[in-house]
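Heads up, the thing below is written out as structure tokens.
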Amino acid sequence: MRLKTLLASLLLLSTANVAYSQLLAFPGAEGVARHVTGGRGGDVYKVTNLNDSGVGSLRHGLQNAPTAGRTIVFDVAGTIHLSSDLSITRDNITIAGQTAPAGGITLAGRQLRVNNTENVIVQFLRVRPGHSDGAGDPDAIWVSGSNGVMLDHITASWGVDETISTTHNSNNVTVQWSTLSQALYEGGHSKGDGHSYGSLINGGAYSYHHNLYAHNKSRNPRAQASGNYLRLDFVNNVMFNPQDRFGYNDSDDPYDINLVGNYAIKGPKSNSNNYLFDSKDADSHYHVAGNFTDIDKDGLLDGAAVDGDGVFRPGGAYTLFPSRLSAAQLPVVATHSASEAYLHVLSRAGAINYRDPVDRQLIRSVMNQLEYSINTEDDIGGLPTLPTGTAPSDSNGDGVPDSFAASLGFAPTTNLAATYTPSGYSYLEEYLHSLTPFAYAPTNTETIAISTADGRGADATVSEAGGGTGDGLGPTLSASWAGASGATNDVTVLKFDLSAIEAGSVTAASLELTAAASAGRSQRFRLYGLEHDAADWDWDEATIDFDSAPGLIDDGNPGTLGIDPAYNASNPTDIPGVLSLGELNAGPFEDGQTVTFDNPNLGVFVNLAAFFEGAAQEGVVTLLLESITSNGAAFYSKEGSAEFAPRLVLEATASPGLPGDFNSDGVVNAADYTVWRDNTSGEYTPADYTVWASNYGRSVSTVTTVPEPCSLMLVATLLVGGVSRRR
């Protein structure tokens, strides 16, 4: 996305006729802490090393912050190994982890505490204390005795006690778009049983929304009476694979809570408890609406709605509120259905400025419903090594790169941390916002259909019969299986080019196939997504065959499945390089009838492509469709009918241009080469030639969109816009 276009959209988000005093902490901030200001108006401190302490360290920046406030940015990336707890004790602090280059920042060895302070924003950090001598039994993050705290896009894991807890009369705390996972089962120095808990929550008014709780024994969350009367907005969270219970309270723990639009999924380690919440106090008041539970542990996302008394442990004690708690008490956050929340949370939660290998496996474990609980961090190889990268030039140290300042017409000497836009945000804040454009569920989406006939798309049938043959050039695609004793195993392989959409912007997705023949009986199919770093991802439909097809297993027996769908709670199957997207039940159907698959995992999978920007795989996804019944079906290929070729139908944000389309005319062709060749300003580089060459022939016109006024305006903008640089 061009910088000015992105900045304009951010300004539009932030200027919705609100008074400056009601300015959001940042576009996307919600809940009770939505208006905190953090370090706005204060100075800028740069973290220039990964040391535990001393000048240039994160700890030094926190300990010496002025009372007027401070925004902390990072010129380095990597892991900061803490020798003692890192505490935020000064008011008016922003820690902007999204400014770290490349792999971002991980805090390791000790916990992060927000302790007896107020007006704090922490964004885009990983916090993984783990087991360390002298550390005691740390949480990953502990908010204690503090008011006005915003924790946004945090990856918190490997706590010994809890993962993110808010206690001791804290108030007005929002925890949003974060992952709270893998609390350690093996006890610490004083807790031999290993707590492995998610969140302990007591005190005042809190908003916990759009978070992922995964692989914690329990307390997802535990609400508790202590000091101030607790009012909790627990909305659109996803909980997976607790051993004991999802959430609970104890007797003598009264509070008020909204339980709205959450998705609770049992996993391999989960016991027989099937309820969402175990309440033991009749004075605890709940409003429950739109929650889902998936309790069958079948490896598929196929939950069902639970409401009213069905949310709670049978025989529990509680009181139901007929309506959501007052917005004056708990400001209502943008609320999605449970299925939509699942898509958004798995796509966007955590420190997504860089998802490290542990984060990626976490998301994979939820999609494939795999065991990923750990006793200690050593079970999964410890801390991953992060790429370091280089921070952009910032000659005056205001936290804003010179290139960003120049794009806005400012001299590099202008202090943009102290220069404000009409919206009320400083230009430093606008820069911070620009770094993560799809960290929150976008609202400016449109319906976009992408066919296997578009751009780099492809489709093929591969068959294990006859020594592993393939056919990517025929008029139809076959997904059929003749059973364990049969001689047929045909798998459909589909490739889609996502250049028509902004990476990571998908809010809904479905796969549509058009039947090329009638099918008289019902059909069952499994759909899988090929991970971007899987072997043989870059297949070609003219040469593909079964024994070289990505994600398939050529075992020499056509009577067995190419992708092992076996799953059981004690030993779930993990398929290397493949994500399980769900099951499609269809039929009987007629020739020309559309068959649709729309499990939320499909939308998550398409969004995961955003985390491979700059790699050769950028913007391309592969799906595998396999029949699991002794029937099968035939669908049109792009060679058989470009009109009826397999297509992804997405709710997403349209891309403002195509890579390599240097003159923004909607097609990558020789005219763009001329722009590159005749470049005299130094704007284009040899790398841009590679982008042009790899995208030659791609066109916006191959993309079908639902004709709405906003999309027509977008097309007009594309046709008259200036030169578009690659992202």
Consider only side-chain N and O atoms of Ser365 and His215, and report whether a donor and an acceptor are under 3.5 Å apart.
-> yes

Answer yes if the ring centres of Phe312 and Tyr275 are under 6.0 angstrom apart, and no otherwise.
-> no

Minimum heavy-atom distance Arg128-Ser157, with the two atoms named = NE-OG, 2.8 Å

Hey, is Arg245 close enough to Asp278 for a salt bridge, meaning N to O under 4.0 Å?
-> yes

Under-4.0 Å salt bridge between Arg324 and Asp233 = yes

Side-chain donor-acceptor pair under 3.5 Å between Asp309 and Tyr318, yes or no?
-> yes

How close do Ser499 and Ser655 get, heavy atom to heavy atom, and via which atoms?
-> O-CB, 3.3 Å

Starting from the C-alpha separation in whole Å, work towards a yes-or-no answer on side chain to side chain donor-acceptor pair (under 3.5 Å) for Ser284 and Asn249.
-> CA-CA 9 Å; Ser284 292; Asn249 75 344; 3.1 Å; yes

Cut-off 3.5 Å, side chains only: do Thr166 and Tyr208 have a donor facing an acceptor?
-> yes

For the residue pair Leu259 and Val311, establish whether any side-chain heavy-atom pair is separated by less than 4.5 Å.
-> yes

Straight-line distance of Thr335 OG1 to His209 NE2, nearest 0.5 Å | 9.0 Å

Does a donor on one side chain and an acceptor on the other come within less than 3.5 Å for Ser165 and Arg222?
-> no

Between His344 and His210, ring centroids under 6.0 Å = no

Does a side chain donor of either Tyr286 or Ser279 reach within less than 3.5 Å of an acceptor in the other side chain?
-> yes

Residues Thr179 and Tyr213: side-chain donor-acceptor under 3.5 angstrom | no

Test item: Asn236 side-chain N/O and Ala341 main-chain N/O as donor-acceptor pair under 3.5 Å = no

Going by atom types only, do Glu371 and Asn241 share a side-chain donor-acceptor pair under 3.5 Å?
-> yes

Can you find a side-chain donor-acceptor pair between Tyr248 and Arg219 that sits under 3.5 Å?
-> yes

Test: Asp356 and Arg126 ion pair at under 4.0 Å | yes

Verdict with reasoning, Asp152 to Tyr440, per side chain to side chain donor-acceptor pair (under 3.5 Å) | CA-CA 10 Å; Asp152 172 62; Tyr440 314 93; 2.7 Å; yes

Could you tell me whether the side chain of Thr514 reaches within less than 4.5 Å of the side chain of Arg647, counting heavy atoms only?
-> yes

Salt bridge between Arg526 and Asp298, side-chain N to carboxylate O under 4.0 Å?
-> no

Closest approach of Pro646 and Asp459, non-hydrogen atoms and distance?
-> CD-OD2, 3.7 Å

Taking atom types as modelled, find out whether Asp598 and Thr596 have a side-chain donor-acceptor pair closer than 3.5 angstrom.
-> no

Shortest non-hydrogen contact between Leu648 and Leu623, atoms and distance = CD2-CD1, 4.1 Å

Parallel, tilted or perpendicular: which describes the rings of His153 and Phe124, with under 30° parallel and over 60° perpendicular?
-> parallel

Could you give me the CA-CA distance, side-chain angles and deciding distance for Gln176 and Ser207, then say whether side chain to side chain donor-acceptor pair (under 3.5 Å) is met?
-> CA-CA 8 Å; Gln176 63 172 31; Ser207 302; over 6 Å; no

How close do Thr653 and Ile448 get, heavy atom to heavy atom, and via which atoms?
-> C-CD1, 4.4 Å

Arg360 with Glu531: basic N within carboxylate O range, under 4.0 Å = no

Report the C-alpha distance between Asn172 and Tyr206 in whole Å, list the side-chain angles of each, state the deciding distance to 0.1 Å, and finish with yes or no for side chain to side chain donor-acceptor pair (under 3.5 Å).
-> CA-CA 6 Å; Asn172 298 316; Tyr206 305 132; over 6 Å; no

Does the ring center of His433 lie less than 6.0 Å from the ring center of Tyr425?
-> yes

